[in-house]
Amino acid sequence: MTRAMPAAALPKLAPNHLPVGPDSRNLALLPDALALLEALPLAILALNANNHVVSVNAATEALLGLSRSQLISKPLCEHIAADSPLFALIDAARAGASAVGESDMSLSGPRLTIEHAAVDVATLSNPVGHVALLLQDRGLEWRLAQQAVSRDAVRSAKAIAAMLAHEVKNPLSGIRGAAQLLESKVSAGDRQLTQLICEETDRIVGMVNGLEVFTDSRPTQMQPVNIHEVLEHVRRLAQAGFGRTVAFREEYDPSLPPVLGNRDQLIQVFLNLFKNAAEAVPPTGGLIVLNTRYRPGLSVSEPGAASRRRLGLVITVQDNGAGVPDSLKAQLFEPFVSGKAGGKGLGLALVAKIVTDHGGLIDCDSQPGRTTFSVILPIADARGDL
């Protein structure tokens with residue numbers, strides 16, 4: 001939804017006063033307000049009347065993945081698709097000579113894909129037609145909301161599993177026992193029926209046992225874990241078994257600190273993600289890309305605690321398979337949801353539970369030819385009031 005804002009929502013600054021070069025010596029001479037714009041983590045850029053970029057701050061360079069020399073004097077449509085609703089918003093700001101904004105907009109370009117962006121546009125006082133843009137990637141907030149949905153799904157699975165364990169397994173044990181007693185008293189032809197009863201009872205018990213993992217509410221025992229050791233261990237397991245025909249590429253940041261986690265459970269998480277990726281890639285040319293990186297400035301509150309836990313270590317597992325069907329994307333981490341023939345739909349639900357128990361986040365971005373699962377975990381010894 002487009003929202004109108006007071007004209008003072010963004011500063012009325014002449015674009016020729018904004019920093020236009022990376023020279024820090026010039027930045028030191030700027031007024032304090034302009035130095036603050038340069039230091040802000042929000043992308044701010046100025047456009048002339050022809051929508052050519054005339055000024056950017058450092059956050060804009062990071063967001064667009066280009067340097068100032070590559071941005072300045074170039075039309076914005078070279079970096080953001082010309083049919084983007086952003087340009088209609090810019091026209092609306094110019095027409096009303098005021099500030100307008102959009103809280104959820106999709107932005108795309110040759111080096112940019114943001115599915116959920118907040119955009120503010122304000123006219124500048126001089127020269128006429130110049131505008132200032134403020135761009136903010138809201139994908140994290142959207143993922144946090146999705147993570148809350150996943151937690152609700154996990155809680156539902158726990159309730160279902162607890163009910164099944166208490167209300168179903170005991171009667172099934174009685175049914176199986178009765179079938180075994182009947183087996184010795186019926187004719188040879190009828191024994192096939194009693195054996196069928198036993199086999200189906202065992203199958204149902206196996207399903208219930210698979211769900212019982214969701215009922216474990218004991219605190220997870222965690223300690224500092226080298227995530228690269230976990231990933232390499234799982235990669236070796238994969239290449240010795242289900243992933244022997246798949247190519248793996250590692251893009252690791254070796255300087256990353258350890259995560260706060262449970263090594264065995266993290267192995268289970270990535271073993272599941274690796275297996276899903278290996279099953280999704282084509283028979284020939286299958287590729288799984290493993291990436292680790294640090295993302296600063298991300299923290300979450302802990303229930304019942306005044307402190308916040310700092311996340312920031314991001315692990316991605318990307319494959320070149322056909323992608324997740326659109327019909328499954330919204331419920332991907334819910335129990336009993338599966339796109340595999342004969343799949344039980346518990347694997348990713350268990351992954352979501354483990355990641356949630358670690359105080360982390362999990363996300364999936366999928367399109368044909370590229371599916372990326374991102375796991376964000378807390379850093380060890382990184383607690384405190386932030």
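The CD1 atom of Ile44 sits 12.0 Å away from the CG atom of Leu63 when rounded to the nearest 0.5 Å. How far NE2 of His130 is from CG of Leu47: 8.5 Å, rounded to the nearest 0.5 Å. Between the OH atom of Tyr294 and the OG atom of Ser255 there is a distance of 11.0 Å, given to the nearest 0.5 Å. For the atom pair Leu182 CG and Asp190 CG, the distance stands at 10.0 Å (nearest 0.5 Å). The CZ atom of Arg191 lies 13.0 Å from the NZ atom of Lys185; values are rounded to the nearest 0.5 Å. The distance from the CG atom of Leu231 to the CZ atom of Arg236 is 11.0 Å, given to the nearest 0.5 Å.
Remark: side-chain polar atoms of Arg94 are paired, donor with acceptor, to backbone N or O of Gly129 under 3.5 angstrom.
Just one of Leu271, Leu266, Val317 meets the side-chain contact (heavy atoms from CB on, under 4.5 Å) condition when paired with Val234; it is Leu271.
With sequence neighbours excluded, the residues that form a salt bridge (charged side-chain N to carboxylate O under 4.0 Å, His left out) with Glu232 are Arg235. Under the side-chain hydrogen bond (donor to acceptor under 3.5 Å, both in side chains) criterion, Ser106 pairs with no residue at all, not counting sequence neighbours.
For residues 223-247, the ring pair (Phe, Tyr, Trp, His ring centres under 6.0 Å) pairs, not counting sequence neighbours, are His228-Tyr252.
Nearest heavy atom pair, residue Ala93 against residue Val121, reads CB-CG1, 3.6 Å. The shortest heavy-atom contact between Pro258 and Asn226 is CB-N, 4.4 Å.
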For this session: Could you give me the CA-CA distance, side-chain angles and deciding distance for Val246 and Phe274, then say whether side chain to side chain contact (heavy atoms under 4.5 Å, CB included) is met?
Result: CA-CA 10 Å; Val246 180; Phe274 281 29; over 6 Å; no

